[in-house]
Amino acid sequence: MLDIKLFRTDPELIRKNLSKKFQEHKLPLVDAIIELDRQSREARTRADALRNRRNSLSREIGAAVAQGRNEDAERDKAQVMGMAKELADLETLEETLAAQVREKLMLIPNIIDPSVPIGRDDRENVEAERFGEPKAPAFEVPYHIDIMETFNGIDLDSARKTSGNGFYYLCGDVARLHSAVLSYARDFMIARGFTYCVPPFMIRGNVVSGVMSFTEMENMMYKIEGEDLYLIGTSEHSMIGKFIDTILEEETLPQAWTSYSPCFRREVGAHGIEERGVYRIHQFEKQEMIVVCKPEESPEWFVRLYRNTVDFFRSLDIPVRTLECCSGDLADLKVKSIDVEAWSPRQRKYFEVGSCSNLGEAQARRLGIRVRNKEKGNYFAHTLNNTVTAPPRMLIAFLENNLQEDGSIAIPAPLRPYMGGQESVTKG
RNA sequence: GGAGAAGUGGCCGAGUGGUCGAAGGCGGUUGACUCGAAAUCAACUGAGGGGUUCUGCUCCUCCGUGAGUUCAAAUCUCACCUUCUCCGCCA
């Protein structure tokens with residue numbers, strides 16, 4: 001969501017940005033917004049004048065009544081009532097116009113960072129950097145579910161029976177690996193100065209509609225029957241929601257949080273739930289990071305955030321690369337976004353394990369997350385978020401990359417304390 | 001689940017129809033005093049928006065949300081939302 005003032009001062013910037021994002025069909029909206037805003041202000045100015053007149057007359061009536069000048073009071077009352085209709089009509093107009101402006105404003109994408117590569121869709125995303133040599137073992141790497149099954153580590157049949165497709169039972173060492181990865185990720189982020197947080201796993205409807213669009217809400221969120229509560233799709237929802245309609249003291253910034261939560265996603269209209277696998281599922285767990293900071297610091301934080309994920313995966317000996325999201329693939333709210341992808345020795349390609357986004361002030365503007373500043377006036381904070389790791393999916397990369405020829409799984413040193421000191425997991 | 005109470009500025013808290021955007025206190029900023037932001041004293045200190053001859057002036061809106069009564073609503077009426085306390089139940 002952009003500042004309406006930008007439409008008054010620099011509409012050309014908005015138009016160019018639309019072209020970069022291949023959303024030329026929204027160009028007429030810009031002129032529509034400018035015109036509606038003009039009408040809106042005009043209505044407001046006229047209504048303000050009438051309200052001013054009404055207020056001063058009301059004060060006079062008060063004084064007249066107090067002094068027993070009833071004729072004066074009655075005369076002024078008649079005057080106020082005489083303009084009541086006009087004012088009521090104007091106020092309706094004000095509301096209608098303001099709502100129209102807001103509605104259209106929501107459709108205009110955020111101004112993207114100059115560094116974002118121009119492209120139409122995800123096929124034009126650009127590889128930025130590789131970390132670690134992609135592994136190509138001499139032996140065949142099985143499908144991740146098959147690897148898990150050799151350890152009796154997954155039971156999808158039972159999960160389908162109890163919960164349906166898109167759920168899983170993780171068992172034994174695989175379940176322990178899952179928890180170990182999360183615990184390690186938590187400590188990894190704490191060591192880097194982030195504050196650990198376990199947030200609510202359900203949030204109210206008004207928070208949901210604040211943090212995402214209506215279609216996103218329909219496609220992602222599970223609603224609790226009979227309650228105004230939704231299961232979170234990521235802890236970012238509760239973590240950012242925590243700041244809704246607050247004015248932060250400047251010295252409390254930056255706020256760097258790492259949060260844990262289960263995540264629930266309906267995945268309607270997405271790519272569907274994977275039949276056999278834990279790549280895309282209805283329920284998973286995730287260690288997340290979010291940052292609320294001053295505008296001038298957000299580009300620097302963006303780099304720090306995705307580097308955390310890269311370093312985390314590298315510490316587990318998993319090769320990764322970063323993929324720059326191109327202009328056309330970038331969600332409307334985002335200024336810049338980069339995916340972290342892990343290497344799959346089985347598929348011999350990288351696949352997404354995390355996504356880092358800088359939302360600029362767009363999210364903060366929408367949610368009313370401001371920073372107090374007496375000299376310059378209060379301003380909107382910048383918000384960012386990034387995945388540390390989401391284990392069911394990251395386990396795919398973990399198992400494939402650490403699989404030994406004898407079928408055992410090597411446990412990289414940093415993870416061993418969380419696995420009872422084991423150096424490897426073997427078939428039992 | 002049952003009963004009761006309450007929602008006011010960064011925080012606490014007064015305010016039951018007109019000069020109330022709102023007493024008082026805390027916190028904060030600035031100044032005086034001082035070796036010293038320890039104490040004391042003084043001034044200032046909510047948010048959003050419009051207009052403008054623009055770093056000033058001015059106007060409008062906001063006291064949980066929405067509707068209503070009235071010339072006029074923080075204050076009266078109705079509905080809703082939320083929170084708290086006690087009892088019951090339970091990890």
Legend entry - Interatomic distance at C1', B:A73 relative to B:U30, whole Å: 37 Å
Legend entry - OP1 or OP2 of B:G51 under 4.0 Å from side-chain N/O of A:R41: yes
Inset, instruction - Using a heavy-atom cut-off of under 4.0 Å over every strand shown, decide if A:R204 touches base, sugar-phosphate, or nothing. - result: sugar-phosphate
Inset, instruction - Between B:G50, B:U61, B:C71, spot the one nearest the side chain of A:K77, thanks. - result: B:C71
Legend entry - Minimum-distance nucleotide (side-chain atoms of A:V80 versus B:C71, B:G49, B:U82): B:C71
Legend entry - C1'-based separation of B:A38 from B:A32 [nearest Å]: 16 Å
Legend entry - Euclidean distance for P, B:C60 against B:A3 (whole angstrom): 46 Å
Inset, instruction - Find the partner of B:G21: check Watson-Crick (N1-N3 plus N6-O4 or O6-N4) and G-U wobble (N1-O2, O6-N3) distances, both under 3.5 Å, and reply none if neither fits. - result: none
Inset, instruction - Take atom C1' in B:A14 and the same atom in B:C63, then report the distance between them in whole Å. - result: 13 Å
Inset, instruction - Pick base, sugar-phosphate or nothing for A:R8, based on heavy-atom distances below 4.0 Å to the nucleic acid. - result: sugar-phosphate
Legend entry - Spacing between A:E94 atom CD and B:G49 atom C1', to the nearest angstrom: 11 Å
Legend entry - Euclidean distance for P, B:U58 against B:U53 (whole angstrom): 16 Å
Inset, instruction - For the pair A:F167 and A:H282, name the ring-plane relationship: parallel under 30°, tilted 30 to 60°, perpendicular over 60°. - result: tilted
Legend entry - Distance below 4.0 Å between A:N52 side-chain N/O and B:C60 OP1 or OP2: yes
Legend entry - Length of the line joining A:N206:CG and B:U65:C1', which is rounded to integer Å: 11 Å
Inset, instruction - Could you check how far CD of A:E249 sits from P of B:G46, rounded to whole Å? - result: 14 Å
Legend entry - Value in whole Å for how far the P atom of B:A47 lies from CZ of A:F380: 13 Å
Inset, instruction - Would you indicate which nucleotide in B:G48, B:A47, B:C71 comes nearest to any side-chain atom of A:R372? - result: B:A47
Inset, instruction - Using Watson-Crick or G-U wobble geometry with both distances below 3.5 Å, tell me the partner of B:G10, or none. - result: B:C26
Inset, instruction - Take atom CG of A:L90 and atom P of B:U61, then tell me their distance rounded to the nearest Å. - result: 14 Å
Legend entry - A:Y222-A:F264 aromatic ring centre distance below 6.0 Å: no
Legend entry - C1' gap between B:U29 and B:U70, integer Å: 42 Å
Legend entry - Sugar-phosphate only, base, or nothing, as touched by A:L57 at under 4.0 Å among non-hydrogen atoms: nothing
Inset, instruction - Specify the separation, in whole Å, of atom CG of A:L87 and atom C1' of B:U61. - result: 12 Å
Inset, instruction - Among A:D173, A:V174, A:L399, find the one that has a side-chain contact (heavy atoms from CB on, under 4.5 Å) with A:V425. - result: A:D173
Inset, instruction - Answer with base, sugar-phosphate or nothing: what part of the nucleic acid does A:N378 contact at a heavy-atom distance below 4.0 Å? - result: sugar-phosphate
Inset, instruction - Round to the nearest Å and state the distance from A:I247 atom CD1 to B:C62 atom C1'. - result: 13 Å
Inset, instruction - Return the nearest nucleotide to the side chain of A:T45; candidates are B:C71, B:G51, B:C59. - result: B:G51
Legend entry - P-based separation of B:A23 from B:G15 [nearest Å]: 14 Å
Inset, instruction - Please determine if a side-chain N or O atom of A:R370 lies less than 4.0 Å away from the OP1 or OP2 oxygen of B:G48. - result: yes
Inset, instruction - Run the ring-centre check on A:F312 versus A:Y184 and record whether the distance is less than 6.0 Å. - result: yes
Legend entry - Euclidean distance, A:L36 CG relative to A:L97 CG, rounded to 0.5 Å: 6.5 Å
Legend entry - Carboxylate-amine/guanidinium contact A:D311 A:R192, below 4.0 Å: yes
Legend entry - Integer-rounded Å distance: B:U70 P and A:R54 CZ: 14 Å
Inset, instruction - Test A:N219 against A:R266 for side-chain hydrogen bond (donor to acceptor under 3.5 Å, both in side chains), laying out the working first. - result: CA-CA 6 Å; A:N219 293 337; A:R266 296 179 64 206; over 6 Å; no
Legend entry - Closest to side chain of A:R51, choosing from B:G18, B:G48, B:U61: B:U61
Inset, instruction - Rounded to whole angstrom, note down the C1' distance from B:G9 over to B:G24. - result: 14 Å
Legend entry - B:A39 pairs with, by Watson-Crick or G-U criteria that keep both distances under 3.5 Å: none
Inset, instruction - Using a 4.0 Å heavy-atom cut-off across all strands, classify A:D76 as base, sugar-phosphate, or nothing. - result: nothing
